[in-house]
Amino acid sequence: MSNVTTGKFSIEDLENVQVTIENIVGAIEEVEETEEEMGVTPKPGISSLRHWDFNLLNRYEPIYTPMCDQCCYCTFGKCDLSGNKEGACGIDMKAHQAREFLLRVITGASAHTGHGRHLLHHLIEKYGRDHPIDVGSSNLKTPVMQTVTGYKPETLGDLEKALDYVEEQITQLLATIHMGQEGEAIDFESKALHGGMLDHVGMEISDIAQISCLKMPKSDPESPLAEIGMGCIDSSKPMLLTIGHNVSGVTNIIDYIDEQGLSDDIEIAGLCCTAIDMTRYNTDEGDEPKSKVIGSLAKELKMIRSGVPDVIVVDEQCVRADILREAQRLSIPVISTNDKIMYGLKDRSNDNVDEILGDLESGNEPGALILDFDKLGELAPRLAMDMAPIREEKGIKSLPTSEELQELTERCVHCKECELVCPTNLSISDAMSAAESGDFAPFEELHDKCVACGRCEQVCPKDIPVLNVIEKSAQRVIREEKGKLRSGRGQVSDPEIREEGVNLVLGTTPGIIALVGCSNYPEGTKDLYRIADEMLKRNYIVVVSGCSAMDLGMYRNEDGNTLYEEYPGKFIKGNLLNVGSCVSNSHITGTAIKVASIFAQRNVTGNFEEIADYILNRIGAVGVAWGAYSQKASSIATGCNRFGIPVIIGPHGSKYRRALIGKPYDKDKWTVYDARNGEELQIPPSPEFLLSTVESVEELMPMLAKNCMRPSDNNMGRMIKLTNYIELSEKYLGVMPEDWYQFVRTETDLPLTKRGDLLKKLESEHGWEIDWKKKKIISGPSMKFDVSSQPTNVKRLCKEA
Amino acid sequence: MVDAIKNTRVYTTWGTKNAKPVQPKVAAKTISKAKRPLMVVGADLLKNKEVLDRAVTIAKTAGIPVAATGHSIKELVDKGVSAKYINIHSLGLYLCDPNWEGLDGNGCYDMAIILGHKKYYINQVLSGLKNFTNLKTISIDKHYLQNATMSFGNLSDEKHLEALDELIENL
Ligand code: SF4
Ligand code: SF4
Ligand code: SF4
């Protein structure tokens with residue numbers, strides 16, 4: 001730990017700003033001279049922001065929904081913790097669940113940070129330590145890093161210091177998972193929030209490094225469009241499929257294909273975030289992407305089972321564990337390129353390319369580990385070109401023929417074993433009956449909901465390859481799966497913030513909806529399109545990334561356009577921005593930080609708490625990870641939470657074991673200070689939670705509008721937000737929301753078209769006093785409206801505190 | 001009479017404490033005995049009109065207030081039941097709080113009756129209630145919900161309707 005983070009500062013010390021600043025600045029020699037003064041917590045240690053966490057956790061209480069009643073962490077166990085019992089070490093169920101959640105968060109943070117370290121290592125080797133950081137027209141280039149660590153990196157080499165810090169902190173956090181360490185849930189929670197914050201630094205390092213070196217779009221609202229979907233793959237060409245999240249090695253493949261003039265001869269497409277980053281590679285000057293995108297993890301088995309790929313190249317994260325086995329069955333060689341996933345393959349990094357080709361093409365070896373990217377660049381395309389005719393000659397096919405499909409559906413005995421194990425209990429048995437009589441509609445529908453996990457096949461007593469049956473039956477719709485994806489634009493730029501910041505803080509732009517995360521959706525991929533479509537029409541800024549960005553591009557509106565073609569990609573109301581891959585999620589928190597810095601002139605450098613407090617109270621942003629499944633999704637969400645951004649996850653997200661939800665009925669929890677004088681102010685219950693799950697898209701829609709309301713909204717802003725809340729509730733829930741009146745401060749907050757009616761309701765249902773002549777509220781609201789009040793949760797930031 | 005507890009198979013287990021399988025008649029008696037029951041109905045209810053009708057009948061017959069989660073409220077307004085929208089995860093938190101005054105201000109509940117939910121989702125919510133409250137939860141859904149206090153077994157759609165009808169008869 002650094003001197004700073006081991007320095008003792010308790011809450012009392014922090015109230016004395018002067019002393020604290022001196023202590024910290026004195027202790028940090030590594031932090032460069034910056035124009036801004038250093039904030040109070042550069043490079044925070046585990047305990048440095050604990051009082052901020054406790055502040056959040058006081059309002060947003062953890063609710064635990066265990067996945068297991070037991071703990072089996074050490075040999076004292078297994079221990080039965082059900083009913084919140086204590087285990088042999090004294091830990092109770094709540095603390096253990098918080099520990100489990102922390103473990104998820106730091107696993108996710110490690111994945112991004114490990115990715116960042118690998119990428120940075122590679123890029124520094126290739127481009128040099130002095131390669132400049134270049135993210136486009138921004139001075140605040142690394143907002144997350146600067147806020148957390150106080151660093152302002154200028155070169156690739158500078159990023160290493162922040163990475164060292166993150167790695168050290170993750171190690172410290174992992175240590176606390178060990179038996180006999182932390183004992184209270186609340187401190188595990190604070191640690192989880194710490195881990196989430198670190199994750200955003202790790203992600204930012206990864207994306208900033210690759211944007212700077214790999215000629216990716218730099219805050220470009222018109223980044224090019226890429227083709228997406230299983231239907232856009234030209235299966236007549238040799239096909240090279242990439243899977244994973246780390247594009248570093250794949251760039252060598254793209255370069256080789258380019259240099260050899262093979263672009264028209266090979267189909268190169270990817271799954272998961274590597275695919276997104278491939279479409280960003282070399283497109284900063286408006287060039288067309290050189291590759292296509294297939295989709296998310298949920299398409300991995302589907303794509304392999306289609307039999308189309310001739311070579312599979314895997315790197316890291318969200319790659320199925322059975323890729324090699326699945327590929328081997330279809331004579332598809334697998335090249336592993338990252339030491340995180342090696343599948344037991346022989347390391348051929350130092351061997352001659354022709355020798356490796358010989359071994360893979362003959363089937364002597366099912367794949368190879370190649371850690372030398374120059375070699376990979378040549379090997380993978382050549383292998384694809386060679387394998388295509390070999391596989392064709394062998395007559396490799398995967399999906400059943402129509403006759404075989406008939407036989408398979410007839411074989412089903414409708415025992416429903418498959419349905420019991422299916423993650424969403426899909427109605428496979430009925431779909432089998434329908435298909436047997438030639439009706440494929442149920443399977444076509446099921447195809448979109450099926451996440452291709454393969455669990456059904458593991459249990460079928462009749463050995464029916466259920467996924468193959470689904471995929472064969474859904475061929476018609478799969479052929480139609482062709483869309484467009486705007487390739488990731490990177491950060492929101494400083495000039496964009498200058499233009500839009502004021503609208504966000506006053507609420508006249510009703511909010512930012514960030515659709516992020518993975519593909520474990522409750523009812524298929526179209527939900528994402530519905531959410532974005534609805535919110536864009538209502539002038540929200542919709543920001544997307546990762547798998548959500550992909551799945552959104554799969555659908556077209558009545559005019560035949562995807563939303564990417566329909567809506568421009570600037571950071572202003574009613575625009576749709578794809579920031580990029582999983583690691584680009586850091587730009588979402590980065591954007592909020594930039595509003596605090598550029599619009600509100602807050603000092604961000606090493607000043608986490610003040611910035612998070614600003615975001616919580618003024619920036620109406622809500623994250624939605626509708627299909628979150630990964631540990632990374634939990635760390636991304638938790639990082640957003642510590643920064644004051646609420647996140648909603650789909651129903652599968654309940655398996656993360658804990659949410660952070662407020663109690664609107666507990667009025668004492670919904671107060672803030674007015675930084676001008678330290679007086680307490682009542683605020684509306686929004687955001688109502690920091691992390692919560694939601695059952696259906698219909699439930700989600702009004703919830704989005706409601707949770708974009710912030711104490712800083714001006715009348716116009718509140719009116720717009722409240723109008724959206726009421727309209728969405730009426731549209732999707734069929735009712736006026738119960739709590740609408742809690743957001744009303746003055747009559748001018750009320751939706752214009754309904755003002756008279758709503759005033760009547762306030763009088764008759766809530767006992768408010770109304771001056772009917774002037775159509776004014778005389779008494780009733782629990783909140784005062786004062787446009788110049790400065791809401792804060794942090795007492796030390798108040799003038800007269 | 002339907003045998004509603006024949007099949008209580010689970011795919012994976014949460015661990016040490018599993019729902020007691022319950023027949024419709026016993027379920028009806030238990031519900032009738034509750035002092036302050038709450039019917040918690042989810043959005044999957046809207047996928048099957050027959051089940052929806054029975055949910056309304058149960059709430060009306062036994063005079064039980066309804067927590068309409070997801071967007072189930074859409075089909076429960078104007079049906080003569082006292083239904084209010086609430087998010088299921090928030091409800092899970094509030095039910096752990098003895099100071100919560102309930103949806104109607106009359107205090108917390110002593111029983112939750114579960115119907116119309118996604119199995120994997122409601123099992124999580126029930127896991128929280130099982131571990132951190134003394135609330136009795138009784139599932140009359142078509143899946144065996146192992147984290148409830150009591151639950152029907154796994155039922156086909158037809159058997160489920162029969163079970164619900166039998167429950168209604170015995171309320
Ligand atoms: S860590 Fe504690 S609760 Fe877990 S098995 Fe060991 S003694 Fe039991
Ligand atoms: S497990 Fe196999 S046999 Fe049983 S219903 Fe499913 S597909 Fe049919
Ligand atoms: S492969 Fe699809 S149908 Fe089979 S269990 Fe997984 S999600 Fe369900």
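We name chains A, B, ... by the order of the sequence lines, and we start the count at 1 in each one.
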Engineer: To the closest 0.5 Å, what do you measure between NE2 (B:His143) and CG (A:Leu420)?
Structural biologist: 9.5 Å
Engineer: Using a cut-off of under 4.5 Å on heavy-atom pairs, state which of B:Gly15, B:Ser127, B:Ser72 scores highest against chain A.
Structural biologist: B:Ser127
Engineer: Do you know which two heavy atoms are closest between A:Thr65 and B:Gln124, and how far apart they sit?
Structural biologist: O-NE2, 2.8 Å
Engineer: May I ask you to name which of A:Asp666, A:Leu700, A:Asn425, A:Ile63 has the most heavy-atom pairs under 4.5 Å with chain B?
Structural biologist: A:Ile63
Engineer: Over all heavy atoms of both residues, which pair between A:Glu695 and B:Lys118 is shortest? Give the atoms and the distance, please.
Structural biologist: O-CE, 3.9 Å
Engineer: Tell me, side chain or backbone of B:Val77 under 4.5 Å from chain A's heavy atoms, or both, or neither?
Structural biologist: side chain
Engineer: Which pair of heavy atoms, one from B:Tyr121 and one from A:Thr693, lies closest together, and at what distance?
Structural biologist: OH-OG1, 2.6 Å
Engineer: Would you mind checking which part of B:Asp78 comes under 4.5 Å of any heavy atom in chain A, side chain (CB onward), backbone (N, CA, C, O), both or neither?
Structural biologist: neither
Engineer: So which heavy atom on B:Tyr85 is nearest to which on A:Glu699, and how close?
Structural biologist: OH-OE2, 2.6 Å
Engineer: Stepwise, does the side chain to side chain donor-acceptor pair (under 3.5 Å) test hold for A:Asp80 with B:Thr16?
Structural biologist: CA-CA 7 Å; A:Asp80 172 17; B:Thr16 52; 3.1 Å; yes
Engineer: Please flag which part of A:Tyr64 lies under 4.5 Å from any non-hydrogen atom of chain B: side chain, backbone, both or neither.
Structural biologist: both
Engineer: Below 4.5 Å, heavy-atom pairs only: which of A:Pro66, A:Ser696, A:Gly653, A:Gly662 has the largest tally toward chain B?
Structural biologist: A:Pro66
Engineer: Checking B:Asn131 side chain against A:Gly83 main chain: does a donor-acceptor pair fall under 3.5 Å?
Structural biologist: yes
Engineer: Does the side chain of A:Ile661 reach to within under 4.5 Å of the side chain of B:Leu93, using non-hydrogen atoms?
Structural biologist: yes
Engineer: Which distance, rounded to the nearest 0.5 Å, do you find between the CG of B:Asn87 and the CD of A:Glu688?
Structural biologist: 8.0 Å
Engineer: Between A:Arg658 and chain B, with a heavy-atom cut-off of 4.5 Å, which part of the residue counts as in contact: side chain, backbone, both or neither?
Structural biologist: neither
Engineer: Count the heavy-atom pairs under 4.5 Å between each of A:Met701, A:Gln70, A:Arg455, A:Glu61 and chain B, then report the option with the highest count.
Structural biologist: A:Arg455
Engineer: Let me know if B:Tyr94 has heavy atoms under 4.5 Å from chain A in its side chain, its backbone, both or neither.
Structural biologist: both
Engineer: Applying side chain to side chain contact (heavy atoms under 4.5 Å, CB included) between B:Tyr120 and each of A:Pro423, A:Cys422, A:Pro522, report the one that passes.
Structural biologist: A:Pro522
Engineer: At what distance, to the nearest 0.5 angstrom, does CD of A:Glu738 lie from NZ of B:Lys84?
Structural biologist: 4.5 Å
Engineer: Check the pair A:Ser692, B:His89 against side chain to side chain donor-acceptor pair (under 3.5 Å), reporting the backbone distance first and the verdict last.
Structural biologist: CA-CA 7 Å; A:Ser692 183; B:His89 218 139; 4.6 Å; no
Engineer: Which atoms of A:Glu730 are under 4.5 Å from chain B, going by heavy atoms: the side chain, the backbone, both sets, or neither?
Structural biologist: neither
Engineer: On a heavy-atom basis, which atom in B:Asp97 and which in A:Lys663 lie closest, and how many Å separate them?
Structural biologist: OD2-NZ, 3.1 Å
